[in-house]
There are 2 protein chains.
Amino acid sequence: MGNKKRITIKDIANELNISPAAVSKAMHNDSRISEKTKQAVKRVAKELDYQPNHLASALRKGKSNLVGVIVPKTNSNFFSSVIESMETVLNKAGYSIIITQSNESFEKECKSIDTLLFTQVDGIIASMANETVDLSHYEKIKSKGIPLVLFDRGENDLNVDYVGINDYDSSQIIVKHLVEKGCKRIAHIGGFRRTRIFNNRIKGYVDALIKHNLPIDDSLIIESSLTLEDGRREMEHLLKLENRPDAVYVASDYAALGALQVLNENNINVPDSVRLIGFGNEPFTSLVSPSITSVAQHSTEIGRIAAETFLKHVSNDVLKQSLNKIILDAELIVRDSSN
Amino acid sequence: MGNKKRITIKDIANELNISPAAVSKAMHNDSRISEKTKQAVKRVAKELDYQPNHLASALRKGKSNLVGVIVPKTNSNFFSSVIESMETVLNKAGYSIIITQSNESFEKECKSIDTLLFTQVDGIIASMANETVDLSHYEKIKSKGIPLVLFDRGENDLNVDYVGINDYDSSQIIVKHLVEKGCKRIAHIGGFRRTRIFNNRIKGYVDALIKHNLPIDDSLIIESSLTLEDGRREMEHLLKLENRPDAVYVASDYAALGALQVLNENNINVPDSVRLIGFGNEPFTSLVSPSITSVAQHSTEIGRIAAETFLKHVSNDVLKQSLNKIILDAELIVRDSSN
DNA sequence: TATATTTGCTTAATCGATTAAGCAAATATA
DNA sequence: TATATTTGCTTAATCGATTAAGCAAATATA
């Protein structure tokens with residue numbers, strides 16, 4: 001019912017007795033169209049409430065002005081704020097974004113990519129799912145010549161643009177902080193080594209222990225998916241060790257929260273008996289008791305830079321692009337759980 | 001460089017010496033195309049790695065198979081899980097979704113709608129921003145004949161399909177629970193009355209007080225944006241009252257968390273001195289101490305039903321649609337903060 | 001055997017916007 | 001005054017896929 005006939009440039013053309021081509025040019029301020037005609041076109045367009053058909057222009061121009069964004073989950077403050085920042089930059093440049101969540105599933109990630117390619121996005125900005133090991137679906141994007149920018153969870157082998165923080169250094173800063181607080185047995189509940197960022201955090205942690213002349217104890221290094229439940233389970237596991245750690249560095253705030261719950265439930269004083277540090281600076285880290293020391297990841301910056309990197313790609317697509325790997329310094333936000 | 005020429009149905013047609021029309025029909029299993037041709041077309045399509053140009057078919061069919069979703073913020077578990085559930089249903093029906101966040105801003109919400117209309121979405125599923133009072137931008141969607149479904153934060157005046165929970169009843173259940181625990185002075189930190197769901201929560205609260213023969217005290221009814229900071233501020237305000245409340249029902253978990261922080265900081269025992277109840281059942285409610293009693297909103301159900309409602313719309317668009325208002329019963333999840 | 005129907009395609013138009021090519025009128029330059 | 005340039009448009013093709021209309025060959029029916 002309410003489905004009124006769409007207004008097209010043809011309607012405007014008829015109204016003014018000019019050609020549709022002239023209307024199109026007038027709308028785009030072509031210098032070869034007179035001011036008088038331009039104003040008339042714009043007036044009529046407004047009167048008729050003309051909305052350009054994006055599909056038609058996208059088809060003709062071979063450009064959809066859509067950017068696909070793939071994140072593992074939107075319900076973390078980090079990703080939500082990265083997206084917000086990307087959107088600001090991309091909207092300004094005339095792009096809209098399509099957000100999809102992989103839910104940390106490899107299969108869902110592949111589907112997301114298919115959907116985005118099918119929708120003819122002009123580029124994809126992605127952060128990889130935890131499960132992802134096989135990278136062939138990302139190769140597919142590259143082979144189609146569609147700009148791909150990874151952020152946070154990226155992969156070196158892919159040889160694509162990347163924006164993230166310095167995970168190795170972050171671990172070094174964390175260990176240094178804990179050592180200064182007098183900790184001698186620092187455990188690490190990390191992610192899987194197959195994911196580059198988690199591997200880097202583990203390497204940074206190990207190298208920092210060596211630097212501070214602390215022994216490397218394999219029983220204190222744990223790999224997991226870093227969910228809250230993983231944090232609980234691994235913390236319980238650590239508490240059962242003969243020689244308990246006096247500090248735990250967890251590579252995700254969610255897992256750190258799980259660990260904190262277990263510590264609280266066992267009446268183990270944090271930070272006096274065990275110091276705890278998370279990663280990601282999710283808002284809840286400052287809300288729980290004790291508040292959790294964590295690493296701020298500059299989400300706004302990451303979003304902005306990832307978007308700008310994409311824009312660079314499309315602006316001079318003729319040039320063979322030089323690879324952009326942008327690594328930002330992270331910042332340790334010290335709170336009660338380690339102080 | 002890697003930008004290979006796109007494969008079109010024309011390429012497949014040339015390869016097989018048939019017309020592009022035949023290829024198109026073969027791909028869609030048209031009964032008038034022979035099995036032999038169909039198989040040949042599909043084989044060549046695979047060989048050439050053909051990907052249909054979605055823009056072209058969308059333009060021709062006047063249907064983009066995209067659904068726009070507008071949420072105030074993605075970084076809440078409620079919205080993220082609603083979206084996930086919608087996506088599942090819509091993907092199955094051949095639709096992709098475009099997510100945009102309004103960040104609770106009226107201006108951003110208008111922009112989101114413009115972007116979605118410009119992208120030629122086939123429908124919009126939205127939850128309104130806190131700031132939104134003027135509804136003309138939603139009228140615009142309706143006037144274009146594009147299906148609109150609201151969820152959670154909707155508006156009666158708009159006369160569109162809606163999916164949400166029973167806010168009035170939720171308040172009744174909450175008050176009943178608190179009364180049973182012996183509370184006599186129950187405060188309510190609510191949202192703004194202009195938003196229907198918050199108005200209903202206030203009405204439910206007031207009517208429940210009357211039902212249990214408790215006096216209505218206007219100083220115990222507060223309207224705010226329900227951010228964490230609002231929760232803190234309003235709790236501090238309540239603590240300064242001569243006659244303090246013995247229970248606080250907060251219409252959002254975030255604000256409830258703020259309130260809890262203030263109570264903890266002031267060494268006021270929760271639940272013994274003040275009982276606290278939130279709304280939304282965000283994961284952190286079970287993570288803080290004491291854990292916060294809250295209302296589960298059936299996010300998965302809401303997402304599924306909203307998506308199905310949209311699908312109903314597009315399936316029989318000829319029929320004058322009857323309005324669907326679906327109100328689900330909410331569930332009180334009792335935790336330490338009120339028990 | 002003659003006509004009707006079905007099968008398997010092709011032809012051509014279409015969805016709206018864009019753009020290369022071109023043309024006539026107006027204006028500038030020699 | 002004769003030619004060159006600029007201005008302001010129009011014409012027609014195009015982006016790919018879809019679909020109504022139609023046609024010839026194959027098959028079915030009378």
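A note on names: the letters A, B, ... follow the listed sequences, proteins ahead of strands, and every chain is numbered from 1. Small disclaimer: the values here were computed from a predicted structure and weren't measured.
Rounded to an integer number of Å, the gap from Asn14(A) CG to dG16(C) C1' is 13 Å. Rounded to whole Å, the distance from NZ on Lys10(B) to C1' on dT18(D) is 15 Å. Counting to the nearest Å, the P atom of dG16(C) and the CZ atom of Phe118(B) are 15 Å from each other. Note: CD (Gln120(A)) to C1' (dG16(D)) measures 10 Å, nearest angstrom. Look at CG on Leu55(A): it is 12 Å from P on dT18(C), rounded to the nearest Å. Rounded to whole angstrom, the span from the CD1 atom of Ile9(B) across to the C1' atom of dC9(C) amounts to 14 Å. Across the protein-nucleic acid pair, Ile7(B) atom CD1 and dG16(D) atom P stand 11 Å apart, rounded to whole Å.
Residues from residues 22-38 of chain B with heavy atoms under 4.0 angstrom of DNA chain D, sorted by number: Ser24(B), Lys25(B), His28(B), Arg32(B). Taken residue by residue, residues 44-54 of chain B places heavy atoms nearer than 4.0 Å to DNA chain D at Tyr50(B), Pro52(B), Asn53(B).
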(message) Pair Phe78(B), Asp152(B) - check side-chain contact (heavy atoms from CB on, under 4.5 Å), show working.
(response) CA-CA 10 Å; Phe78(B) 173 68; Asp152(B) 192 46; 3.7 Å; yes
(request) Any chance you could lay out the side-chain hydrogen bond (donor to acceptor under 3.5 Å, both in side chains) test for Glu131(B) and Ser105(B), step after step, and finish with the verdict? (result) CA-CA 6 Å; Glu131(B) 275 183 31; Ser105(B) 140; 4.5 Å; no
(request) Test side-chain contact (heavy atoms from CB on, under 4.5 Å) on Ile125(A) and Leu150(A) and set out the steps. (result) CA-CA 6 Å; Ile125(A) 304 180; Leu150(A) 295 179; over 6 Å; no
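For the atom pair Asp161(B) CG and Ile305(B) CD1, the distance stands at 12.0 Å (nearest 0.5 Å).
If you check dG16(D), dA17(D), dT18(C) against the side chain of Leu59(A), the one that comes closest is dG16(D). Ranking dT18(D), dT18(C), dG16(D) by closeness to the Arg60(B) side chain, first place goes to dT18(D).
Looking only at atom types and distance, the side chain of Ser85(A) has no donor-acceptor partner in the side chain of Thr88(A) under 3.5 Å away. At a cut-off of 3.5 Å, with distance as the only test, no side-chain donor of Tyr50(A) or Lys42(A) sits close to an acceptor on the other residue. Between the side chains of Arg153(B) and Tyr162(B), no donor N or O sits under 3.5 Å from an acceptor N or O. Asn75(A) and Asn77(B) are linked by a side-chain donor-acceptor pair at a separation below 3.5 angstrom, with hydrogens and angles left out of the test.
Contact annotation for Ile18(A): backbone-only contact, meaning every heavy-atom pair under 4.0 Å involves sugar-phosphate atoms and none involves a base.
Using a 4.0 Å cut-off between charged side-chain N and carboxylate O, Asp114(B) and Lys140(B) make a salt bridge.
Pairing of dA26(C), defined by two Watson-Crick or G-U wobble distances under 3.5 Å, is identified with dT5(D). Pairing for dA17(C) goes to dT14(D), judged as Watson-Crick or G-U wobble with the two contacts each under 3.5 Å.
At the phosphate of dT10(C), OP1 or OP2 sits under 4.0 Å from a side-chain N or O atom of Ser19(B).
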